[in-house]
2 protein chains.
Amino acid sequence: MTSVLVCDDSPLAREALRRAVATVPGVERVTTAANGEEVLRRWGADRSDLILVDVRMPGLGAVETVRRLLSADSGARIIMLTVAEDLDGVALAVAAGARGYLHKDASRAELRSTVTQALADPTWRLAPRRLRSADMGAAPTLTAREIQVLEGMSHGRSNAEIGRELFLSEDTVKTHARRLFKKLGASDRAHAVALGFRWGLVR
Amino acid sequence: MTSVLVCDDSPLAREALRRAVATVPGVERVTTAANGEEVLRRWGADRSDLILVDVRMPGLGAVETVRRLLSADSGARIIMLTVAEDLDGVALAVAAGARGYLHKDASRAELRSTVTQALADPTWRLAPRRLRSADMGAAPTLTAREIQVLEGMSHGRSNAEIGRELFLSEDTVKTHARRLFKKLGASDRAHAVALGFRWGLVR
DNA sequence: ACGACGGTCACCCGAAAGAGTTACGGGTGA
DNA sequence: TCACCCGTAACTCTTTCGGGTGACCGTCGT
């Protein structure tokens with residue numbers, strides 16, 4: 001029983017991927033998820049043989065998702081999906097333990113051959129590259145809420161606006177902000193946003 | 001009577017956009033079109049105050065649509081809609097005369113604020129710049145000083161600290177800050193830093 | 001069962017930020 | 001020449017931020 005889990009925040013892309021992966025010989029089941037949290041839930045319930053994860057995701061980021069999947073099961077086989085040239089994100093995810101990546105605008109044949117290969121060989125890995133893997137150890141771990149607040153900041157929202165968006169009081173947003181500042185070592189929101197980008201926590 | 005015209009080839013996206021734009025304060029009517037030809041027809045019949053056009057369209061392309069709209073009425077206010085990182089298309093459309101662009105996966109608040117801004121100010125432009133077709137990056141042009149100030153912000157410096165670093169008064173730093181906010185379309189320093197990263201102006 | 005942590009909310013307070021406005025000299029392009 | 005932008009600076013006024021502190025309630029791990 002070979003199953004694949006596909007994660008992408010865009011419903012259209014998700015469906016297209018689901019259909020494409022389903023045509024790979026040997027794949028019996030394809031499940032989908034819209035975000036990192038859902039991936040972790042589904043993975044906990046039913047471990048697929050392969051996971052495809054979009055690098056750019058709201059909420060729990062791709063890097064964090066990869067890290068948590070691997071801490072749950074170090075044997076998890078993960079392939080990143082990327083749209084454009086955000087190679088930084090891919091690099092970080094690969095450094096975090098993903099097996100490789102796929103361009104979303106790769107041909108269907110390309111996708112199929114990569115998936116086939118990854119399924120056939122449990123040790124399959126994209127050519128190992130020299131990445132900033134050393135940096136990853138020090139990467140601050142933000143909670144989902146903290147990342148949501150950080151993302152709000154990166155979109156120019158005030159604490160009050162973020163609170164309205166997340167159905168929280170402004171004071172609660174401030175608490176999350178203070179905690180994430182401390183974790184990141186940021187002196188203010190602008191600094192926090194910059195560090196978020198440098199760590200690949202937001203994009 | 002404020003009206004907005006939305007053009008997108010995907011019915012789902014079209015409806016979602018229509019609903020989102022309809023919630024913008026001051027907008028009384030939202031009409032939709034599925035392609036460039038229809039936009040031109042509707043524009044001929046009844047000129048809206050603002051037009052949102054998907055960059056990716058079948059038949060008459062977005063760039064050609066923009067060009068024809070502007071040749072019919074040079075005051076037409078057009079904002080491009082883009083899905084991914086097809087900056088080429090956006091850049092061409094902006095070069096052709098579009099006022100700016102919006103990521104389709106931008107938050108509803110972001111969309112609303114951009115539309116509000118564009119409706120409020122007839123001269124609104126995402127980044128007032130002298131675009132050449134070769135510009136291609138479409139990145140807003142910040143002056144050296146503005147980039148220095150933005151970099152200071154990205155390192156968590158206060159305006160006063162940035163001033164001391166650059167041998168400027170705090171008030172001067174504030175002036176540079178205000179100007180770069182306007183150029184980037186940022187609402188505060190955190191947003192400006194985020195946009196700086198997204199445009200590749202800082203790292 | 002205990003503590004640590006995360007999520008929620010509240011209050012106070014001083015320090016920043018940001019908006020608006022004005023101003024002046026220099027450079028540059030139309 | 002005139003208009004426009006840039007760099008510099010000052011002023012006021014309001015909003016927002018950030019730190020400190022305390023509190024209550026879950027959950028999770030040990």
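Since we're looking at a predicted model, the values are computed, not measured. Proteins get letters first, then strands, A, B, ... in listed order; numbering begins at 1 in each.
- Rounding to the nearest 0.5 Å places CG of A:D171 at 6.0 Å from NZ of A:K174.
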Nucleotides 8-11 of chain D: which of its N/O atoms have a protein N/O under 3.5 Å away?
unit_1 : atom_1 : unit_2 : atom_2 : d
D:dT8  : OP1    : B:R145 : NE     : 3.3
D:dT8  : OP1    : B:R145 : NH2    : 2.8
D:dT8  : OP2    : B:R145 : NE     : 2.7
D:dT8  : OP2    : B:H176 : NE2    : 3.0
D:dT8  : O4     : B:R179 : NH2    : 3.4
D:dA9  : OP2    : B:S169 : N      : 3.0
D:dA9  : OP2    : B:T172 : OG1    : 3.1
D:dA9  : O5'    : B:T172 : OG1    : 3.3

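- The nearest whole Å value for the distance from the CD1 atom in A:I162 to the P atom in C:dG7 is 15 Å.
- Atom CZ of A:R157 is separated from atom C1' of D:dT15 by 19 Å (rounded to the nearest Å).
- OP1 or OP2 of D:dG7 sits under 4.0 Å from a side-chain N or O of B:T143.
- Each of A:K182 and A:A160 was assigned the nucleotide of DNA chain D with the nearest heavy atom; the assignment lying further toward the 5' end belongs to A:A160.
- A donor-acceptor pair shorter than 3.5 Å cannot be found between the side chains of A:T172 and A:T175.
- Residues passing the salt bridge (Lys or Arg N to Asp or Glu O under 4.0 Å) test with A:E161: none are found, sequence neighbours excluded.
- No side-chain donor-acceptor contact under 3.5 Å links B:E28 to the backbone of B:S3.
- Rounded to whole Å, atom C1' of D:dC17 lies 18 Å from atom NE2 of B:H191.
- Every salt bridge (Lys or Arg N to Asp or Glu O under 4.0 Å) that B:E38 has, sequence neighbours left out, goes to B:R42.
- In plain terms, the two heavy atoms of A:W43 and A:S48 that are nearest each other are CZ3-O, 3.1 Å.
- Scanning for side chain to side chain contact (heavy atoms under 4.5 Å, CB included) contacts around A:T116 gives A:V24, with sequence neighbours left out.
- For B:D188, taking side-chain heavy atoms from C-beta onward, the closest of the listed nucleotides C:dG18, D:dG18, C:dG7 is C:dG18.
- If you check C:dA17, D:dG18, C:dG18 against the side chain of A:R189, the one that comes closest is D:dG18.
- B:I79 has its side chain within reach of B:L50: a pair of non-hydrogen atoms, C-beta onward, lies under 4.5 Å apart.
- Atom CG in B:L150 sits about 14 Å away from atom P in C:dA17, given to the nearest Å.
- Remark: DNA chain C takes part in the stems C:1-24 with D:7-30, C:26-30 with D:1-5, each of 3 or more antiparallel Watson-Crick or G-U pairs, criterion distances under 3.5 Å.
- Side-chain contact between A:V193 and B:H191: absent, with no pair of heavy atoms (C-beta onward) separated by less than 4.5 Å.
- Note on B:N159: a side-chain N or O is less than 4.0 Å away from OP1 or OP2 of C:dA17.
- For the pair B:I51 and B:V4, the minimum side-chain heavy-atom distance is 4.5 Å or more.
- Of the side-chain N and O atoms in A:S158, none sit less than 4.0 angstrom from OP1 or OP2 of D:dT15.
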Between protein and nucleotides 26-30 of chain D, what N or O pairs are separated by less than 3.5 Å?
none

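- As a whole-Å value, the separation of A:L180 CG from C:dC5 P is 17 Å.
- Annotation: the span from B:E146 atom CD to B:R179 atom CZ amounts to 7.5 Å, rounded to 0.5 Å.
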